Each structure stands twice: as C-alpha cells, then as structure tokens.
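Here's the structure, in structure tokens; my notes come after.
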Amino acid sequence: MPKRVDHESRRATISDAVMRLLARDGLEAISLRHVAAEAGVSAGQVQHYFPSKEAMMEYAAGAIADRIAARIATAGPDPDLHQILTALLPTDADSATDTRSLIGYLAFASVRPQIADTLATNGRGFRDHIAGMIAAHPDPTTAADTLLALLDGLALHVTVGQLPAARARAHLTAAIDGVLAEAEAAQRHRQP
C-alpha cells in the first residue's frame with residue numbers, strides 16, 4: 001500500500017523553515033539548499049512543492065499573515081484599537097521572530113512590484129479597518145496611516161534593539177490615546 005503524504009503538512013514544514021531562516025539569518029539564507037536543510041527534507045521535496053524562491057516566499061507570506069492574525073485574535077473576540085495595535089509589537093520571543101520574518105519578507109517584496117502591490121492592497125485594507133474604528137476622527141484615514149506607520153517603525157526599532165519593547169508600547173499607547181481623544185472631541189463638537 002502506498003504511503004499517504006499530507007501535502008499541506010509538508011508545505012507548512014517547509015514554510016516554517018523559510019520563516020525560521022528569515023528570522024534567524026535573513027533573506028540571503030533563503031535558498032533551496034538552506035531551506036531543505038532547515039526543514040529536514042531533501043532539496044527535491046522542497047523543489048516539488050516550491051519550484052522557486054518566489055513560490056516559497058509567497059507561501060510563507062500567507063503563514064506570516066496567519067500568525068499576525070492569530071496575535072490579533074488573542075486580544076479577544078472584539079478587540080479595541082489598543083489591543084489590536086499593541087498585539088502587533090514584538091514583545092516576546094515568538095512575536096520578535098514573526099517580526100523578523102515579516103521584515104525579511106518585506107525586503108523581498110520591495111523589489112518585486114507584483115508582490116509589493118498585493119502587500120499594499122492588504123495594507124490598505126487593514127488601514128481602512130483601523131480608520132473605521134476611529135470613524136469619528138476628523139481625518140480617520142490619515143490618523144490610521146500615522147498609527148500604522150508608527151507601529152511599523154516602533155516594531156523595527158524594537159527588533160534591532162534600538163528601543164525596549166516597554167518604551168515602544170508606551171509610545172504607541174500615547175499615540176493611540178491622542179487619536180482617540182481627537183475622535184472623541186470631534187464627536188462632541190458634532191453633537192447638537
């Protein structure tokens with residue numbers, strides 16, 4: 001009887017290896033040989049599932065997105081703005097690994113217009129979700145852009161050791177509080 005292979009599990013094993021390499025060694029470590037060694041599989045198996053570096057990276061991007069969504073989900077069934085955004089800061093080993101993987105993926109995507117376009121589209125969707133949470137703000141889209149840019153910068157600074165996670169959280173919390181205060185003031189001003 002032929003051996004049954006769980007193809008999705010194999011893809012996930014290889015994708016996890018890609019993310020570990022991105023987080024530990026950077027984008028330059030992503031090669032057929034390195035990924036196979038990290039995953040504990042043959043180079044032929046990697047090539048069977050992912051015929052190119054681009055295919056490996058695209059699949060890994062989905063896994064990175066899933067991990068980010070899981071971090072947001074830990075904030076609860078109806079998270080507020082603070083819970084969503086602070087969940088995305090690298091504050092422990094797992095979230096730091098996810099952030100390093102994301103940074104590696106962003107470097108990869110930055111020179112590939114089709115992938116960058118997909119990332120931009122997804123980013124605008126997330127930005128619009130955040131803007132919807134602060135709809136009373138005089139300019140919710142700009143406020144959401146600003147918060148997300150701050151979050152990205154803080155995450156990068158924490159990841160490279162330039163800023164402690166606690167200070168990054170304090171900066172992000174202050175910025176969120178400021179945006180929420182502006183939204184609340186605007187809403188009070190609009191009321192008769």
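Nothing here was measured: the structure is a model prediction, and the numbers come from that model. All heavy atoms count here, side chains included; hydrogens, waters and symmetry mates do not.
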Practice item. Look at the side-chain heavy atoms of Ile, Leu, Val, Met, Phe, Trp and Tyr, link any pair under 4.5 Å apart, and say whether Ile115 and Val18 land in one connected group. Key: yes
Study note, to complete from the structure: Rounded to the nearest 0.5 Å, the CD1 atom of Ile103 sits from the CG atom of Leu22 at a distance of 10.5 Å
Practice item. May I ask you to decide if Asp139's main-chain N or O and Thr142's side chain share a donor-acceptor pair within less than 3.5 Å? Key: no
Practice item. For residues Ser101 and Ala23, report the shortest heavy-atom separation together with the two atoms involved. Key: OG-CB, 3.6 Å
Check your understanding: About how many Å separate NE2 of His157 and CG of Asp152, when rounded to the nearest 0.5 Å?
Key -> 11.0 Å
Check your understanding: Who pairs with Arg167 by side-chain hydrogen bond (donor to acceptor under 3.5 Å, both in side chains), at least two apart in sequence or on another chain?
Key -> none
Revision key, fill the gap. In short, Pro79 meets Gly76 closest at the heavy-atom pair CD-O, 3.4 Å
Check your understanding: If two hydrophobic side chains count as joined below 4.5 Å and joins carry through other members, does Leu156 share a cluster with Val158?
Key -> no
Review point. Do you know which two heavy atoms are closest between Arg127 and Ala144, and how far apart they sit?
Key: O-CB, 3.6 Å
Point to revise | Donor-acceptor contact below 3.5 Å, side chain Arg112 vs main chain Phe108 | key: yes
Check your understanding: Could you give the distance from CG (Asp177) to CD (Glu184), rounded to the nearest 0.5 Å?
Key -> 11.0 Å
Practice item. Given side-chain contact (heavy atoms from CB on, under 4.5 Å), test Arg11 with Phe50 step by step and report yes or no. Key: CA-CA 8 Å; Arg11 282 185 189 88; Phe50 303 104; 3.9 Å; yes
**Study point:** Residues which pass salt bridge (Lys or Arg N to Asp or Glu O under 4.0 Å) with Arg67, listed by chain and number, not counting sequence neighbours
**Key:** Asp16, Asp98
Exercise for review: Measure the spacing between CG of Leu27 and OH of Tyr105 and express it to the nearest 0.5 Å.
Suggested key: 11.0 Å
Study note, to complete from the structure: Tightest non-hydrogen contact, residues Tyr59 and Ser15, listed as CD2-CB, 3.4 Å
Revision key, fill the gap. Minimal heavy-atom distance between Ala29 and Leu21, with the atoms involved, is O-CD1, 3.9 Å
Practice item. State the CG-NE2 distance between Leu180 and His137, to the nearest 0.5 angstrom. Key: 9.0 Å
Exercise for review: Show your reasoning for whether side-chain contact (heavy atoms from CB on, under 4.5 Å) applies to Asp94 and Arg71.
Suggested key: CA-CA 10 Å; Asp94 288 340; Arg71 283 177 34 207; over 6 Å; no
**Study point:** Non-hydrogen side-chain atoms of Ser31 and Lys53 separated by less than 4.5 Å
**Key:** no
Check your understanding: Looking only at atom types and distance, does a side-chain atom of Ser110 sit under 3.5 Å from a main-chain N or O of Ala107, one as donor and one as acceptor?
Key -> yes
Check your understanding: Under the 3.5 angstrom rule, does the side chain of Arg100 hit a backbone N or O of Met19 as a donor-acceptor pair?
Key -> no
Return a table of donor-acceptor pairs under 3.5 angstrom between the side chains of residues 83-91 and protein atoms on other chains or two or more places apart.
from	atom 1	to	atom 2	distance (Å)
Gln83	OE1	Asp80	N	2.8
Thr86	OG1	His82	O	2.6

Check your understanding: Would a hydrophobic clustering, with Ile, Leu, Val, Met, Phe, Trp and Tyr connected at side-chain separations under 4.5 Å, put Ile134 with Leu150?
Key -> yes
Review point. Are Arg124 and Thr121 close enough that a side-chain donor and a side-chain acceptor fall under 3.5 Å?
Key: yes
Check your understanding: Do you know the tightest heavy-atom contact between Ala39 and Thr13?
Key -> O-CG2, 3.9 Å
Point to revise | Note, Ile72 side chain near Phe126 side chain (heavy atom, < 4.5 Å) | key: yes
**Study point:** Note, Glu38 side chain near His34 side chain (heavy atom, < 4.5 Å)
**Key:** no
Exercise for review: Would you give the length of the straight line joining atom CD1 of Ile14 to atom CE of Met56, rounded to the nearest 0.5 angstrom?
Suggested key: 8.5 Å
